[in-house]
Amino acid sequence: MKFFIDTADMALLTKCADTGLVDGVTTNPTLIRQSGRNIHEVIGEICALVDGPISAEVAAMDFEGMKSEGLALSKIHPNVTVKLPMTWDGLKACRFFSDKGIKTNVTLCFSVNQAVLAAKAGATFVSPFIGRLDDQVSDGMDLIHDIVEAYVAIDAQTNILGASVRTPLHVKQCAMAGIQAITIPPALFLKLIEHPLTKAGLDTFAADWASTGQKIA
Ligand code: E4P
């Protein structure tokens with residue numbers, strides 16, 4: 001499973017990228033607003049830092065607007081993945097960019113039918129939002145399992161990118177569902193390594209080793 005980081009914060013992204021385990025990045029208009037930066041500038045910096053698909057979202061709601069914004073974003077770097085909304089215009093734009101060989105991510109997916117439409121439009125990624133479904137007292141992971149099943153049944157080529165991932169349990173469940181990728185906030189990514197028994201074990205090993213007085217190198 002590929003790990004994408006959902007952020008436009010360069011300091012936090014750098015911390016995650018330093019692990020060598022980051023496969024891509026996703027952004028959205030909210031994250032760009034939170035960064036307080038210009039979208040072209042920040043997407044350019046992200047592309048220079050992480051070698052993988054970098055999702056940059058269009059703001060236009062109509063096909064022509066999405067086309068010109070997506071083309072402008074894709075000129076920033078070949079790794080830019082044009083992020084498009086789950087609307088008819090968004091799917092039309094998805095087909096346009098897919099036909100041009102430009103990677104796409106259809107976002108705000110909340111149903112199997114929407115995921116099937118994204119696959120038909122040639123999307124590189126579809127982003128089902130797990131946490132936002134949980135917020136509505138509907139199990140977001142059910143949607144992931146259903147899309148996995150549907151995509152196998154129709155032999156879809158689109159990658160499932162689990163989004164709105166909020167907890168370590170979501171990460172485990174996505175891995176067990178066998179989806180291709182997830183996008184997660186930096187703080188959650190950095191937390192995944194933690195386990196109290198790992199820390200306790202390391203403390204014991206460090207103390208025991210120190211008492212041997214040995215040196216390995
Ligand atoms: C993904 O592309 C979205 O930017 C993100 O996962 C949304 O997460 P949220 O529901 O926690 O805002």
Side-chain angles (χ1 to χ4, degrees), residues 1-6 23-32 39-40 43 46-47 52-133 136 138 140-165 174 177-184:
M1 184 170 74
K2 291 194 187 303
F3 279 90
F4 293 1
I5 305 297
D6 195 37
D23 300 300
V25 177
T26 55
T27 61
N28 63 35
T30 306
L31 294 169
I32 297 292
I39 186 168
H40 291 267
I43 295 294
I46 294 172
C47 290
I54 310 298
S55 287
E57 188 161 343
V58 299
M61 297 293 168
D62 64 301
F63 172 64
E64 288 303 330
M66 289 178 194
K67 221 166 86 175
S68 56
E69 288 182 3
L71 286 172
L73 291 169
S74 68
K75 283 199 183 99
I76 298 174
H77 192 279
N79 282 346
V80 167
T81 298
V82 180
K83 201 173 178 190
L84 299 154
M86 184 65 80
T87 61
W88 291 118
D89 284 53
L91 292 179
K92 199 169 154 188
C94 179
R95 170 52 64 204
F96 170 82
F97 288 111
S98 301
D99 287 349
K100 279 189 152 329
I102 294 172
K103 284 196 272 300
T104 51
N105 175 1
V106 180
T107 190
L108 291 165
C109 172
F110 293 96
S111 76
V112 173
N113 288 344
Q114 289 180 333
V116 169
L117 289 172
K120 273 192 80 65
T124 316
F125 299 99
V126 66
S127 292
F129 276 40
I130 302 163
R132 292 194 194 186
L133 274 174
Q136 302 300 311
S138 168
M141 281 309 302
D142 283 351
L143 175 61
I144 297 291
H145 290 293
D146 287 350
I147 296 174
V148 168
E149 198 179 324
Y151 272 17
V152 169
I154 64 172
D155 195 22
Q157 301 305 304
T158 297
N159 294 287
I160 303 170
L161 171 57
S164 191
V165 171
C174 285
I179 61 174
Q180 289 78 21
I182 54 170
T183 184
I184 61 177

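It should be emphasised that the depicted structure is a prediction, and the values quoted were computed from it without experimental measurement.
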| query | Which pair of non-hydrogen atoms, one from Asp23 and one from Lys2, has the smallest distance, and what is that distance? | reply | OD2-CA, 3.2 Å

| remark: Here the pair of heavy atoms bringing Cys174 nearest to Ile130 is SG-CD1, 3.5 Å

| said: Show the nearest heavy-atom pair for residues Leu91 and Ala118, with the distance to one decimal. | reply: CD2-CA, 3.9 Å

| request: Step by step, work out the side-chain contact (heavy atoms from CB on, under 4.5 Å) result for Tyr151 and Val126. | output: CA-CA 11 Å; Tyr151 272 17; Val126 66; 3.4 Å; yes

| Heavy-atom distance under 4.5 Å between the side chains of Phe4 and Asp6, does that happen here? | no

| said: Do Met66 and Pro85 make a side-chain contact, defined as non-hydrogen atoms from C-beta onward lying under 4.5 Å apart? | reply: yes

| task | Take Phe3 and Ile182, measure what side-chain contact (heavy atoms from CB on, under 4.5 Å) needs, and give me the verdict at the end. | result | CA-CA 6 Å; Phe3 279 90; Ile182 54 170; 3.7 Å; yes

| field | Met61 CE: over 12 foreign heavy atoms closer than 6.0 Å | value | no

| query | Any side-chain heavy atom of Thr124 sitting closer than 4.5 Å to one from Asn159? | reply | yes

| How far apart are the closest heavy atoms of Leu143 and Cys109, and which atoms are they? | CD2-O, 3.9 Å

| said: Using the rule given for side-chain contact (heavy atoms from CB on, under 4.5 Å), can you reason through Lys100 versus Leu71, listing the C-alpha separation, both sets of side-chain angles and the distance that settles it, and then say yes or no? | reply: CA-CA 10 Å; Lys100 279 189 152 329; Leu71 286 172; 4.1 Å; yes

| message | If you apply the rule side chain to side chain donor-acceptor pair (under 3.5 Å), what do you find for Asn105 with Thr81, and how did you get there? | response | CA-CA 6 Å; Asn105 175 1; Thr81 298; over 6 Å; no

| Does some side-chain heavy atom of Glu69 sit less than 4.5 Å from a side-chain heavy atom of Ile39? | no

| message | Can you confirm whether Phe110 sits close enough to Met86 that some side-chain heavy atom of one is under 4.5 Å from a side-chain heavy atom of the other? | response | no

| note | Minimal heavy-atom distance between Asn28 and Leu31, with the atoms involved, is OD1-N, 2.7 Å

| said: Using side-chain contact (heavy atoms from CB on, under 4.5 Å), reason through Leu117 and Trp88 one step at a time and then give a plain yes or no. | reply: CA-CA 9 Å; Leu117 289 172; Trp88 291 118; 4.0 Å; yes

